[in-house]
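Worksheet: the structure to be examined is printed underneath.
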2 protein chains.
Amino acid sequence: MTNKKNVTIQMVADRAGVSKSTVSRVISDYPDISDKTKKKVYQVMRDLNYYPSAIARSLANKKSKNVGLVLPADDDFFENPFFRDSLRAIAKTASSRGYDTLIAYNGDNETLSVERLVKANKVDGVIMMRSIISDPTIEYLRERKFPFVLIGKSLDYKDVYSVDTNNFEAAKKITEKLVKKGCKKIAFIGGNKESVVTIDRFNGYLECIKDNNLIFDDTLIQKNEFRKCDGYLSIKRILEKNPDLDGLVVTDAIIFSGVLEYIEKMGKGNKNLNLFNIVIGTFGTDNTYNSKLNIVNVDVDYMELGRASCDKIINILEGKEVNEIDIIDYILK
Amino acid sequence: MTNKKNVTIQMVADRAGVSKSTVSRVISDYPDISDKTKKKVYQVMRDLNYYPSAIARSLANKKSKNVGLVLPADDDFFENPFFRDSLRAIAKTASSRGYDTLIAYNGDNETLSVERLVKANKVDGVIMMRSIISDPTIEYLRERKFPFVLIGKSLDYKDVYSVDTNNFEAAKKITEKLVKKGCKKIAFIGGNKESVVTIDRFNGYLECIKDNNLIFDDTLIQKNEFRKCDGYLSIKRILEKNPDLDGLVVTDAIIFSGVLEYIEKMGKGNKNLNLFNIVIGTFGTDNTYNSKLNIVNVDVDYMELGRASCDKIINILEGKEVNEIDIIDYILK
DNA sequence: CTGAAAGCGCTTACAG
DNA sequence: CTGAAAGCGCTTACAG
């Protein structure tokens with residue numbers, strides 16, 4: 001559907017009075033070309049407004065110069081600021097390195113959407129934006145020996161290239177912060193229990209609770225989905241059994257928004273409930289300003305996670321040496 | 001970098017005892033093939049786990065089966081729920097129609113990022129996610145006669161394929177709603193004044209103000225950027241000159257969040273300011289629950305905008321007939 | 001209904 | 001330093 005009949009390498013070769021081989025060589029900056037030829041060819045390329053066809057190069061080189069970005073099929077994922085920030089950083093990084101970003105998403109089956117790109121040779125490597133236990137997409141990619149980088153980490157395999165935050169440590173530290181602020185009864189609200197993030201953060205929370213000999217029982221723990229409504233319901237359930245709650249760790253910005261809504265709503269009438277005295281620790285929340293609540297946040301640099309994962313997959317594709325796992329800093333405040 | 005040496009059309013041809021031409025024909029569901037051959041070929045394809053190379057097809061067909069999604073270079077854009085929802089719908093729709101979504105974004109120059117994809121033949125058509133006045137990307141695409149669909153509308157050209165909401169009408173109606181609720185002095189906070197959305201919504205607001213002979217002066221109007229801080233500062237400035245403000249139209253979810261923060265912050269101490277009595281009309285805000293404020297929202301179905309724009313560009317690419325402009329409904333509530 | 005051949009626009013060993 | 005030729009994996013008129 002490109003209307004201007006495209007100018008091809010043959011045309012510039014003819015016009016420059018050389019062979020396509022030579023033109024090809026100047027395009028790819030091959031060393032042994034005389035300055036004269038090089039100049040001439042560049043000139044003609046400019047005159048003709050020539051731009052090599054990525055498709056034809058792909059076929060000849062057997063590489064697409066595309067990285068696939070795998071978006072999970074579940075709706076909640078997109079609400080998380082992590083999605084928009086890392087997507088942006090990935091697209092930008094890819095572009096800066098001469099690659100493009102192709103989205104793998106069909107709305108219902110993550111693995112199928114990836115398979116399609118992989119089988120059709122549309123991407124050279126893949127970035128997975130989320131880690132869960134026994135991930136079928138990872139199974140597929142590994143079996144096919146197809147290059148990929150995982151944002152997060154795999155609990156199933158030790159040899160998966162990944163970029164992660166130390167979620168265990170961050171969760172432990174944020175819980176400790178609540179303890180220092182005087183909290184005695186700290187609850188935990190996480191997302192899906194298959195999610196590696198939830199698992200890591202829960203373990204960090206747990207370790208701190210144990211270290212400090214704080215109360216720990218099932219009525220303080222909620223793990224559901226990464227949805228606002230789950231935050232709402234979780235805090236409700238926890239408070240029913242624990243009206244004396246004074247601390248809360250919430251692992252996700254969206255869940256947190258549900259928690260906040262509940263507290264704002266219920267705290268309004270029942271001043272006696274003292275809902276606003278609960279100190280809350282949360283992760284990756286955009287906006288932690290709240291006039292009535294005491295909120296501590298772990299800030300993960302999502303852009304950096306994106307950038308690092310994209311650089312990593314491209315490094316792998318280009319045969320450069322990379323670490324198995326890279327850890328991105330977080331900021332607790 | 002695909003490790004399994006890929007099975008090609010030649011291999012299945014050999015194994016099936018036919019020519020590649022024939023295999024190619026059964027792949028593309030060409031009518032005049034005997035059932036026997038068809039069956040045989042399908043069988044072999046399955047046995048060999050054959051999947052045609054999209055790259056090779058692209059080269060032969062001169063189409064990539066990719067649509068380019070143009071993301072604006074400014075940071076604020078990504079904060080808007082519009083971005084995530086329409087992106088998702090676009091990727092999903094493309095996938096369902098056998099296309100893939102390629103992102104055009106390099107972090108600083110929108111037009112360049114598009115040019116790159118277009119020149120390299122990496123996409124067959126393009127979706128632009130935002131409309132501004134005198135958009136250089138549109139200039140480029142038009143000049144090149146490259147197929148594209150605009151989400152929003154062009155004020156510069158009448159013949160641009162686009163998918164839009166009736167922003168003028170929606171803004172007028174939401175302002176009317178404030179009037180019905182008794183507002184006498186209604187301010188307007190919009191985004192960038194080059195943005196078509198801001199222009200349309202401002203005009204809708206303005207018409208209602210005039211129709212009702214309400215106060216209209218410069219101190220009531222703020223147009224800055226689509227940022228939270230601009231919302232914060234805008235409402236501040238407006239209130240300085242208009243302490244008796246009782247209505248406010250805010251054209252964007254992010255700006256609105258800044259307005260909200262200001263009101264929450266300032267309203268807390270100064271009960272006399274009566275900040276919480278201001279009725280607010282806004283657009284596309286995720287979460288309009290607020291225990292103290294009276295908020296009216298125009299809900300635009302961003303997924304539908306995405307879906308429609310993607311279907312439209314693909315229809316164009318496939319030579320189907322399409323409307324110049326499609327209008328997506330909004331819901332006022 | 002099917003095959004041989006040319007072509008899509010590049011790259012790259014090979015030879016000089 | 002440069003060119004002729006084969007090849008990447010498909011499609012599609014053309015001929016039968």
Side-chain angles (χ1 to χ4, degrees), chain A residues 1-42 44-45 48-66 98 118-122 124, chain B residues 1-42 44-45 48-66 98 118-122 124:
Chain A
M1 279 295 276
T2 323
N3 299 41
K4 314 241 173 199
K5 54 214 90 178
N6 263 287
V7 5
T8 72
I9 200 173
Q10 190 58 263
M11 298 175 183
V12 350
D14 292 350
R15 187 82 109 79
V18 298
S19 73
K20 333 186 259 172
S21 322
T22 303
V23 178
S24 176
R25 289 189 184 105
V26 349
I27 291 171
S28 39
D29 232 358
Y30 188 83
D32 284 342
I33 300 280
S34 78
D35 268 8
K36 212 181 76 193
T37 330
K38 213 181 275 185
K39 261 193 182 149
K40 178 72 190 158
V41 171
Y42 276 135
V44 175
M45 296 205 293
L48 261 43
N49 196 7
Y50 168 73
Y51 206 86
S53 158
I55 299 290
R57 300 187 85 173
S58 291
L59 185 58
N61 290 326
K62 291 169 143 295
K63 50 182 83 157
S64 65
K65 286 275 196 168
N66 288 151
V118 169
K119 285 183 176 164
N121 283 161
K122 279 194 134 184
D124 299 332
Chain B
M1 279 295 275
T2 324
N3 299 42
K4 313 241 174 199
K5 55 215 91 190
N6 262 288
V7 5
T8 72
I9 200 174
Q10 189 60 263
M11 299 175 182
V12 350
D14 292 350
R15 188 84 107 77
V18 298
S19 72
K20 332 185 260 171
S21 321
T22 302
V23 177
S24 176
R25 289 190 184 104
V26 348
I27 291 170
S28 39
D29 232 358
Y30 187 84
D32 283 343
I33 300 279
S34 78
D35 266 9
K36 213 180 76 196
T37 331
K38 212 181 276 185
K39 260 192 184 149
K40 179 70 188 157
V41 171
Y42 276 134
V44 175
M45 295 206 293
L48 260 44
N49 196 9
Y50 168 73
Y51 206 87
S53 158
I55 299 289
R57 300 187 85 173
S58 291
L59 185 58
N61 289 325
K62 292 170 142 295
K63 50 182 85 156
S64 66
K65 286 276 194 170
N66 288 150
V118 168
K119 284 184 176 164
N121 284 159
K122 278 193 134 182
D124 300 333

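No experiment lies behind these values; they were computed from the predicted model shown. Hydrogens, waters and symmetry mates are skipped; everything else that's a heavy atom, side chains included, is used. Just so it is clear: chains get the letters A, B, ... in the order the sequence lines come, proteins before strands, and each one is counted from 1.
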Taking OP1 and OP2 of [N], is either one under 4.0 Å from a side-chain nitrogen or oxygen of [X]?
X        : N      : result
A:Tyr50  : C:dC10 : yes
A:Thr8   : C:dC8  : no
B:Asn121 : C:dC10 : no
B:Lys62  : D:dC10 : no

Return one dot-bracket line describing DNA chain C 5' to 3' (Watson-Crick or G-U wobble pairs, both distances under 3.5 Å; ( ) same strand, [ ] crossing, | another strand, . none). |||.||||||||.|||
In the structure I gave you, are the side-chain heavy atoms of [X] and [Y] within less than 4.5 Å of one another anywhere?
X       : Y       : result
B:Thr8  : B:Met11 : yes
A:Met45 : A:Tyr42 : yes
A:Tyr50 : A:Ile9  : yes

If we ignore hydrogens and angles and just use 3.5 Å, is the side chain of A:Asp124 paired with the main-chain N or O of A:Lys65 as donor and acceptor? yes
Do side-chain atoms of B:Ser64 reach the backbone of B:Lys122 as a donor and acceptor pair under 3.5 angstrom? yes
To the nearest Å, how far apart are [X] [atom1] and [N] [atom2]?
X        : N      : atom1 : atom2 : answer
A:Lys65  : C:dT11 : NZ    : C1'   : 14 Å
A:Tyr51  : C:dC10 : OH    : P     : 12 Å
B:Ile9   : C:dG3  : CD1   : P     : 12 Å
B:Asn61  : D:dG9  : CG    : P     : 16 Å
A:Ile27  : C:dC10 : CD1   : P     : 7 Å
B:Tyr30  : D:dA13 : OH    : P     : 9 Å
A:Lys63  : D:dG9  : NZ    : C1'   : 18 Å
B:Lys122 : C:dC10 : NZ    : C1'   : 15 Å

Base, sugar-phosphate, or nothing for B:Leu59, non-hydrogen atoms under 4.0 angstrom? base
Base, sugar-phosphate alone, or nothing: which one does B:Ser24 contact when heavy atoms must sit under 4.0 Å apart? base
Which of these nucleotides, D:dC8, C:dC8, C:dC10, is closest to any side-chain atom of B:Ala60? C:dC8
Nearest-nucleotide pick for A:Thr37, side chain only, options being D:dT2, C:dT2, C:dG7: D:dT2
For B:Leu59, give me all partners under side chain to side chain contact (heavy atoms under 4.5 Å, CB included), at least two apart in sequence or on another chain. A:Ile55, A:Ala56, A:Leu59
Would you be so kind as to tabulate the donor-acceptor pairs closer than 3.5 Å made by side chains of residues 16-23 of chain B, with sequence neighbours excluded?
residue: B:Ser19; atom: OG; partner: B:Ser21; partner atom: N; Å: 3.4
residue: B:Ser19; atom: OG; partner: B:Thr22; partner atom: N; Å: 3.3
residue: B:Ser19; atom: OG; partner: B:Thr22; partner atom: OG1; Å: 3.3

Heavy-atom contacts under 4.0 Å between residues 15-22 of chain B and DNA chain D, which residues? B:Lys20, B:Ser21
Considering only nitrogen or oxygen atoms on both sides, find all protein atoms under 3.5 Å from nucleotides 14-16 of chain D and state each distance.
none

Between C:dT12 and C:dG16, how many Å separate the two C1' atoms, rounded to a whole number? 16 Å
Find the distance between NZ (B:Lys40) and OG (B:Ser34) and round it off to the nearest 0.5 Å. 12.5 Å
As an exercise, state the distance from OG of B:Ser58 to CG of B:Asn66, rounded to the nearest 0.5 Å. 7.0 Å
Which residues satisfy the salt bridge (Lys or Arg N to Asp or Glu O under 4.0 Å) test with A:Lys119, sequence neighbours excluded? A:Glu115
From the list B:Val7, B:Ile27, B:Val26, side-chain contact (heavy atoms from CB on, under 4.5 Å) with B:Val12 holds only for B:Val7
